Amino acid sequence: MDVRVAHCLLLWAVHFFPAAPRVAPRVLSKESKTGNLQDGCINLIPCEVSGAICIQPCSPSFHGEMSFVCKDRKWQMFIDACANLDVQSLFQRISEHEPLPSSGGHVSVAGGHLPFVGGGKPVHGKPGDEAKHFGADDHGNSNCQADFSCIIPDILSSPAIPGNIADIVELLKNISLMLSENVNRGKMQSYSRIANHILNSSIISSWAFVRDRNASSTLLDSVNLFAGKLLLRNGSESIQEHFISTKGYSIYKNTSGKSFDFSMELNKTSNISGRVAIPEEELLKLPRTSKAISIAFPTLGAIIETSRLDPVFVNGMVLSVSLPEELQHILLTFEKVNKLENVKAQCVGWHSAERRWDSKACKMKSDNISSVVCMCKHHRRTFKSFSILMSPTMLRNMVLDYVTCVGLGLSIFSLVLCLTIETVVWHHVTKTEITYMRHFCLVNIATSLLIADILFIVAAIVHNTALNYRLCVAATFFLHFFYLALFFWMFTLGLLILYGLLLVFFKITRSVFIATAFSIGYGCPLLISILTVAITEPKNGYLRSGACWLNWYETKALLAFVVPALGIIVVNLAVVVVVVVKMGRPSIGDGCKSQDLSNMIRISKNVALLTPLLGLTWGFGLAIIIDSHSLAFHVTFALLNAFQGFFILLFGTLLDRKTREALKKNCLSSKRKCSLAKS
C-alpha cells in the first residue's frame with residue numbers, strides 16, 4: 001500500500017476510534033493470516049456502521065491482533081499488532097542479568113520492569129534457550145554482551161511487519177536505556193543493523209499500521225541516545241548501513257572546522273546526501289578535547305510522516321548530532337528529495353519533548369532547486385535532530401493552471417485565425433516585394449508560436465503522465481527550437497526594415513529573400529538547439545528537474561534560449577529607434593519611395609508593438625528564475641506567455657489597415673458571388 005494511502009487510513013481511524021462502537025469478534029476465521037484482508041472481519045462480519053471497530057486475532061504462528069475500521073461499507077485495517085518476535089527472550093540473551101520466567105511480558109532489570117509490546121511465544125528461539133546463561137550464544141560463546149551479535153540473525157530473518165516493527169523499536173529503546181555503557185564499534189554495528197531492518201525504504205508503508213503513533217519518534221530518540229555514547233577509536237569512527245549511518249570525530253579548540261558528509265540510499269533507484277558542519281567560531285568555545293557524533297537517516301522523515309496529523313512533508317534526510325554543551329550552532333546542508341522548482345523549503349528541528357517539527361530551531365541560509373543550507377541551534381535535551389520540510393502549498397495552484405489553460409486556448413485560436421486571415425487576403429496584400437516579405441515573416445512567426453503552444457501542452461502531458469525520459473527530451477528540444485524560431489523570425493522582420501530604409505537602391509529577388517529568411521528563421525534556432533542538447537544531455541543536464549524544459553541551476557542550458565531571445569529584442573528595439581530617426585530626417589529620393597517608406601513604417605509599428613511585449617514576457621520569465629517563490633511573477637508570466645498569439649493577431653493582422661481593407665473587399669466579393677449564384 002502506498003505510504004500516503006496508509007497515512008490517510010491511519011488518520012481516519014484515529015479520528016473515529018475514541019467514539020466508535022466496538023463490534024464483538026463473533027466469528028473469526030482460523031485461517032486468517034497477518035496482514036491478509038480477506039478473512040475474519042472482512043468476510044464474516046458485515047460492515048454496516050461507519051466508524052465501527054472490529055478486532056481480529058492473528059494466525060496461530062503470530063501473537064497479537066489486528067484492528068479494522070468500517071468505512072464506506074468496507075472493513076479497512078488501521079492497526080496491525082501481529083508479531084512473531086519474542087523480544088523478551090532477545091533482550092535476555094544480551095543482558096548481563098540472570099534469566100527470568102518466560103511468562104508475562106516484562107523483564108526484570110536492576111530491580112525494575114521493562115515493558116515489551118509482545119508477550120507471546122518465542123518463534124525464533126530454540127527449546128532450552130531460557131536455561132542458558134545470559135550472554136552465551138547458540139554455541140556457548142559468552143560474547144553476546146560484547147556486541148549484541150547473537151540476536152542479529154533472529155531479527156533480520158523476521159518479517160518487517162507492523163507488529164515486529166513495534167517490538168524492535170521497544171527492544172532498541174530498552175537497549176539504549178539499560179545497555180548503553182561502553183558502546184564500542186561492535187555494539188554500534190549490531191544496533192545499526194537492527195535499526196536498519198525497520199528503516200528499509202520498502203517497508204515505510206507498514207509503519208502506518210503500528211499501534212504506537214510515536215514509535216518513529218521513540219526510535220529516533222533511542223538511536224540518538226545510544227549513538228551519543230559511542231567510543232571513538234583513534235579519534236574517529238564510521239559505521240554505515242543502507243538506511244542509517246553514524247560518524248564520530250574527536251574535536252578540539254584549534255580545529256579549523258569539522259564536517260560530516262553523508263551520501264546514502266533513499267530507495268532502489270536514487271541516493272540522497274547531507275552534510276553537518278561545525279563552524280570554526282563554535283569550536284573556539286571548547287574548553288577541552290571532546291567528541292562529535294552525527295547520525296543520518298534517509299528514510300526516517302517519510303516514516304515520521306506516516307503517523308503525523310499535521311500536513312508536513314519531510315523533503316530531505318534527517319540529520320542528528322550529539323555535541324558538547326558548549327557548541328550550540330551548526331550548519332546543515334540537505335539535498336532535496338523533491339526538486340520541483342516551485343517547492344518551498346523550511347528548515348526545522350525535531351522537538352524531542354513535544355514530538356513535532358519546530359521551525360524555531362533553525363534559520364535558512366540558502367535555498368536552491370537541489371539543496372538547502374540551514375543554521376540550526378543544537379540543544380542536548382530538546383533539539384538534536386534536524387531536516388527540511390516541503391511547504392504544503394505549492395505555487396502550481398488552480399489559479400495559475402486556469403490562467404495557463406485559458407490563455408493557451410485563446411492563443412492557439414488567435415494564431416489559427418491569424419493564419420486563416422493571411423490565407424484569405426494573401427493575394428491582395430502581397431503585391432509589392434516589401435509587403436510580400438512582411439507577410440511572409442508574419443506567417444512564419446504565427447506558425448512557429450502555434451507549434452510551440454501545441455508542444456507546450458504535449459510537454460506538460462509527457463511530464464504529468466510520467467512517460468519516458470526520451471519523450472521529455474524530444475518535447476523540450478522542439479519546444480526550444482520553435483520558441484527560438486519565433487524570435488529569429490522577429491529578427492528577420494527587423495532586418496527587413498533596415499533593408500527597406502537603408503538599402504534603398506539595392507534590390508534582392510524573392511527567391512534570395514526566402515532562402516535568407518529560412519536560414520535565419522529556422523537555421524539559426526536549429527543550430528543552437530542541436531548544440532544545446534549535444535553539450536548538456538551527455539551530463540544529464542539538459543532537462544530541469546520536475547519539468548520538460550531547459551535546465552537552469554546545474555548546467556545553465558536555459559541561457560541557450562534567454563541570450564538569443566533577449567539579444568534579438570535589443571536589436572529590434574534599436575531598429576525601431578533607427579526608423580524614428582529616419583522619419584525625422586527625410587533624405588533625397590524618399591519621395592519616389594513614399595510607398596515603400598509607408599510599408600516600412602507599418603512594419604516598424606508591428607515590431608515596435610510586438611518586441612516590447614515579447615521582451616516583457618520573457619523578462620518575467622527571468623524574474624521567475626531569480627525569485628521562483630513569487631506567485632505574482634508566475635501569474636504575470638503565464639498571462640503574457642499564453643496571450644502572445646492574441647497579440648500577434650491583434651497587432652500583426654487586425655490593426656493593419658491594408659489587411660482590413662483586403663478582408664473587407666474579399667467579403668464584398670463573396671457576397672456578390674452569392675447574389676449571382678442565387679440569381
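Predicted model, so just to flag it, every value in this text is computed and none were measured.
Ion pair Glu325/Lys285 not flagged as a salt bridge, since none of the NZ, NE, NH1 or NH2 atoms sits closer than 4.0 Å to an Asp/Glu carboxylate oxygen. Of the charged side-chain nitrogens involved, none lies within less than 4.0 Å of a carboxylate oxygen, so that Asp261 and Lys247 do not count as a salt-bridged pair. A salt bridge does not link Arg93 to Asp86: none of the charged nitrogens lies less than 4.0 Å from a carboxylate oxygen. One finds no salt bridge joining Lys187 and Asp147 here, because no Lys/Arg side-chain nitrogen approaches an Asp/Glu carboxylate oxygen to under 4.0 Å.
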Could you go through the side chain to side chain contact (heavy atoms under 4.5 Å, CB included) check for Cys374 and Ile388 one step at a time? CA-CA 9 Å; Cys374 306; Ile388 54 172; 3.9 Å; yes
Test side chain to side chain contact (heavy atoms under 4.5 Å, CB included) applied to Trp350 and Trp357, step by step: CA-CA 5 Å; Trp350 182 255; Trp357 294 111; 3.6 Å; yes
Show your reasoning for whether disulfide bond (SG atoms under 2.5 Å apart) applies to Cys82 and Cys58. CA-CA 6 Å; Cys82 296; Cys58 305; 1.7 Å; yes
Could you walk me through whether Arg211 and Glu65 pass the salt bridge (Lys or Arg N to Asp or Glu O under 4.0 Å) test, one step at a time? CA-CA 10 Å; Arg211 184 186 297 277; Glu65 60 188 20; 3.6 Å; yes
Evaluate the criterion ring-ring contact (aromatic ring centres under 6.0 Å, His included) for residue pair Phe383 and His351; output intermediate values, then yes/no. CA-CA 6 Å; Phe383 297 113; His351 198 296; 5.3 Å; yes
Report the C-alpha distance between Ile251 and Thr289 in whole Å, list the side-chain angles of each, state the deciding distance to 0.1 Å, and finish with yes or no for side chain to side chain contact (heavy atoms under 4.5 Å, CB included). CA-CA 6 Å; Ile251 53 175; Thr289 299; over 6 Å; no
Run the numbers on Cys376 and Cys347 for disulfide bond (SG atoms under 2.5 Å apart), then give the verdict. CA-CA 8 Å; Cys376 297; Cys347 300; 5.9 Å; no
Go through the steps for Ser67 and Phe78 under the test side chain to side chain contact (heavy atoms under 4.5 Å, CB included), then give the verdict. CA-CA 6 Å; Ser67 301; Phe78 73 96; 4.0 Å; yes
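Of all the heavy atoms in Ser157 and Pro153, the pair that sits closest is OG-O, 2.8 Å. Nearest approach of Leu319 to Phe262, heavy atoms of both residues: CD2-CD1, 3.9 Å. Considering all non-hydrogen atoms of both residues, Gly349 and Cys362 come closest at N-SG, 4.1 Å. Scanning all heavy atoms of the two residues, the minimum distance from Ile151 to Ile94 falls at CG2-CG2, 3.7 Å. In terms of heavy-atom proximity, Gly248 sits nearest to Ile293 at CA-CD1, 3.7 Å. Taking both residues in full, the closest heavy atoms of Gly316 and Ser387 are given as O-OG, 3.5 Å, listed atom of the first, atom of the second, then distance.
Remark: the Asn224 side chain and the Ser320 side chain contain an N/O donor-acceptor pair separated by less than 3.5 Å. No donor-acceptor contact under 3.5 angstrom links the side chains of Tyr191 and Thr246, judged on distance only. For the residue pair Ser245 / Gln240, a side-chain donor-acceptor distance below 3.5 Å is found, with atom types taken as modelled. Under 3.5 Å, the side chains of Glu265 and His242 contain a donor-acceptor pair of N or O atoms. Of the N and O atoms on the side chains of Ser371 and Glu335, not one donor lies less than 3.5 Å from an acceptor on the other residue.
Proximity of Met264 to Leu266: side-chain heavy atoms (C-beta onward) are nowhere separated by under 4.5 Å. Between Leu331 and Thr333, every side-chain heavy-atom pair lies at or beyond the 4.5 Å cut-off. The closest side-chain heavy-atom distance from Leu559 to Lys556 is below 4.5 Å. Ile161 is listed as a side-chain neighbour of Phe62, based on a closest heavy-atom distance under 4.5 Å. Between Val348 and Asp358, every side-chain heavy-atom pair lies at or beyond the 4.5 Å cut-off. Side-chain atoms of Asn164 and Pro159, non-hydrogen and from C-beta on, do get closer than 4.5 Å to each other. Side-chain contact between Asp367 and Phe334: absent, with no pair of heavy atoms (C-beta onward) separated by less than 4.5 Å. Side-chain contact between Leu171 and Phe91: present, with at least one pair of heavy atoms (C-beta onward) separated by less than 4.5 Å.
No more than 12 heavy-atom neighbours from other residues, nucleotides or ligands sit within 6.0 angstrom of CD on Glu181. The number of heavy atoms from other shown groups lying within 6.0 Å of CZ (Arg185) is above 12. Counted within 6.0 Å of NZ on Lys377, heavy atoms from surrounding residues, nucleotides or ligands total 12 or fewer; the atom is thus considered open.
Remark: side-chain polar atoms of Asn200 are not paired, donor with acceptor, to backbone N or O of Asn196 under 3.5 angstrom. In this structure, His197 contributes its side chain and Ile155 its backbone to a donor-acceptor pair below 3.5 Å. Formation of a donor-acceptor pair under 3.5 Å by the Trp207 side chain with backbone atoms of Ala302 is not found in this model. With hydrogens and angles ignored, the 3.5 Å screen pairs no side-chain donor or acceptor of Asn315 with any backbone N or O of Lys336. Side-chain atoms of Thr299 come within 3.5 Å of backbone atoms of Leu199 as a donor-acceptor pair (strictly under, hydrogens ignored). Between the side chain of Ser180 and the backbone N or O of Leu177, no donor-acceptor pair lies under 3.5 Å. Panel note: side chain Glu282, backbone Gln328; a donor-acceptor pair is recorded below 3.5 Å. For Ser259 (side chain) and Ala277 (main-chain N/O), no donor-acceptor pair under 3.5 Å exists by modelled atom type. Side chain of Lys173 to main chain of Ala215: no donor-acceptor pair is present (N/O by atom type, distance under 3.5 Å, no hydrogens or angles). Remark: the backbone N or O of Leu232 is not paired with any side-chain donor or acceptor of Ser236 at under 3.5 angstrom.
For the atom pair NE2 of His329 and CD of Glu281, the computed distance is 10.0 Å after rounding to the nearest 0.5 Å. Once rounded to the nearest 0.5 Å, the distance linking CG of Asp212 with CD1 of Ile165 reads 12.5 Å. In this structure, the separation between CZ on Arg193 and CG on Leu156 is 5.0 Å, given to the nearest 0.5 Å. Note that SG of Cys472 is 13.0 Å distant from CZ of Arg470, once rounded to the nearest 0.5 Å.
Using cut-offs of 30° and 60° on the angle between ring planes, the pair Phe226 and Phe148 is tilted.
Applying the side chain to side chain contact (heavy atoms under 4.5 Å, CB included) criterion to Thr555, with sequence neighbours excluded, gives Thr536, Asn551, Ala557.
Relative to the ring axis of Tyr249, Lys258 places its NZ or CZ within 45° and under 6.0 Å from the centre.
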